[in-house]
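Nothing here was measured: the structure is a model prediction, and the numbers come from that model. So you know, we letter chains A, B, ... as the sequences are listed, proteins then strands, and number each from 1.
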Protein chains: 2
Amino acid sequence: MPRTSDKRERLVDAAVTLFHHRGYGQTSLADIAEQSGVPLGNVYYYFKTKDDLANAVIAERIHHQQDTFAECEQDNDPQASLYCFLDILVDMSGDISRYGCPIGGLCQELNKEDTALTDRADELLGQALKWSAKQFRKMELKDATQLAQHMMATMHGASLLANTFNKPRIIKDEAVRMKAWIKSL
Amino acid sequence: MPRTSDKRERLVDAAVTLFHHRGYGQTSLADIAEQSGVPLGNVYYYFKTKDDLANAVIAERIHHQQDTFAECEQDNDPQASLYCFLDILVDMSGDISRYGCPIGGLCQELNKEDTALTDRADELLGQALKWSAKQFRKMELKDATQLAQHMMATMHGASLLANTFNKPRIIKDEAVRMKAWIKSL
DNA sequence: GTCTATATGTTGATAGAC
DNA sequence: GTCTATCAACATATAGAC
C-alpha cells in the first residue's frame, strides 16, 4: 500500500514519449509497460483503458504547455513573449524534425478516431491558439485571432516539413520569418 | 483470366480513401477488402504486403498531384499557377477539415514508421515543394526555395488547424493571406 | 497494490481447393 | 485468377493468486 509508488507517473512519462515517437495507434500498452518497468497487467490498476492513459498524457501536455507559456510571459511584453515561444520551438527543432511536433501529431492522429479523446487533443492546440491571440491583442493589433492562426499554422506546417525532410533548419527559418513578420505588424 | 479485372484498381481506390479518412495504421486490409468488394484472401494476389498496397496508394497520389500541377500551369504564368493551386486547396477545404490533408497525413504518419515507405511519402511533399519553388523562380524572385517552403508550411499548418477545429474557413483565410503575400513579393 | 496467467478479438499473411 | 478457411502474432483487457 505504498501511497508513494511512482508507477503511475512512470507510466504517463513513458506514454508521453512513446506516443510522440511512434504515435498513439502504433504504441501498445505492452511497449509502455516495458519502458516504464511496470508489468502489463498492473497498468490496468492505474488506467482502466488505453484511452484513459491517453487522457492522462494529454493532461500532462496541457500542463506542460501552460508552464511554457507562463515562462514566456515573464516580462509582460507581448512581443517578447511571442519571440520567446518561437525561440523555444527552435530549441526543440531537433526533436521535432526527428519525431514530429508532439501536439500536432496528437491532433492529427486523434482527429481520425472518433472517441471523446479527439476533443481533448483539440484543447491542446486551442490553448496555444488562445495564448497567441492574447499576445497579439496586448499588442493592440486588430484581428488578433487571425494573426495567431497564421503564426500557429506556419509553425505547425514548418514542423511537418522539418519532420518529413529531417531538416530542423526549416523550423529555424520559419521562426526567423515569423519574428520579422510580427515586428512589421 | 480476365485481364480486364478492375479489382486492383478498386483496391487502390478504396485504400486511397480509407488511408485518408482513418489513417494507414488504423485501416486494416479487411476494411479495404470489404469497401472494394474484393475477398480478403484475394488482396494478396495483387499486393504481397500491406506496404506494397501503400506504395501503390502513394504512387497514385503522386500522379494525381502531377496532374493538378500541370493543370495549374496551363497559362504559363507562375503567379497565376500559384493562385490556382491555392484555389484548389480552398475547393478541398471541406474534405481537409473533415479528414485532414491527405498528403500531410501520410507524411506525418509514415515518418513514425521506419519502413522504406517513409521515403516514398516524402516524395509527395518534395514534389509539391519543388513545383512551388519553380513558380517562384519563374517570377524571378530570390530564395525561391525558401518562399516555397513558407507557402507550403503555411498551408499544411492551416490544414492541421482546419482539421483540428473543423473549420474549413481557416484554409480559406490562409489562402487569401498567401495570395496577398505572393503579390507583395 | 502487485503481478502471472490468460481470455478474447483482430491483424497481416498463407494454404490450398476450385 | 478467385475465394474459403485458417494460422500465428499481437492487441486490449480481465481473473484471480499473492
Checklist entry - For dT2(D), does OP1 or OP2 lie under 4.0 Å from any side-chain N or O of S5(B)? => result yes
Checklist entry - Hey, is the side chain of K7(B) poking within less than 4.0 Å of OP1 or OP2 on dG1(D), counting only N and O atoms? => result no
Checklist entry - Using the ring of each side chain (for Trp, its six-membered ring), is H150(A) parallel, tilted or perpendicular to W181(A), with breaks at 30° and 60°? => result perpendicular
Next on the checklist: Using a strict heavy-atom distance below 4.0 Å, which residues from residues 27-53 of chain B are in contact with DNA chain D?
Outcome noted: P39(B), G41(B), N42(B), Y45(B), Y46(B)
Checklist entry - Checking K50(A) against Y24(A): charged group under 6.0 Å from the ring centre and within 45 degrees of the axis? => result yes
Item to check | Criterion side chain to side chain contact (heavy atoms under 4.5 Å, CB included) against S132(B), the qualifying member of Q127(B), M152(B), Q149(B) | outcome: M152(B)
Item to check | Aromatic ring pairing H21(B)/Y99(B), orientation class (parallel under 30°, perpendicular over 60°, tilted between) | outcome: parallel
Checklist entry - In whole Å, what is the span from the CG atom of L11(A) to the C1' atom of dT2(C)? => result 13 Å
Checklist entry - Does the pair E73(B)/K138(B) count as a salt bridge with the N-to-O cut at 4.0 Å? => result yes
Checklist entry - Looking at K167(A) and D173(A), does any basic side-chain N land under 4.0 Å from a carboxylate oxygen? => result no
Item to check | Presence of salt bridge, K130(A) and E123(A), under 4.0 angstrom | outcome: no
Next on the checklist: Quick one about N55(B) and R120(B) (side-chain donor to acceptor, distance below 3.5 Å, no hydrogens or angles considered), yes or no?
Outcome noted: yes
Checklist entry - Counting only non-hydrogen atoms, which of residues 106-118 of chain B are less than 4.0 Å from DNA chain D? => result none
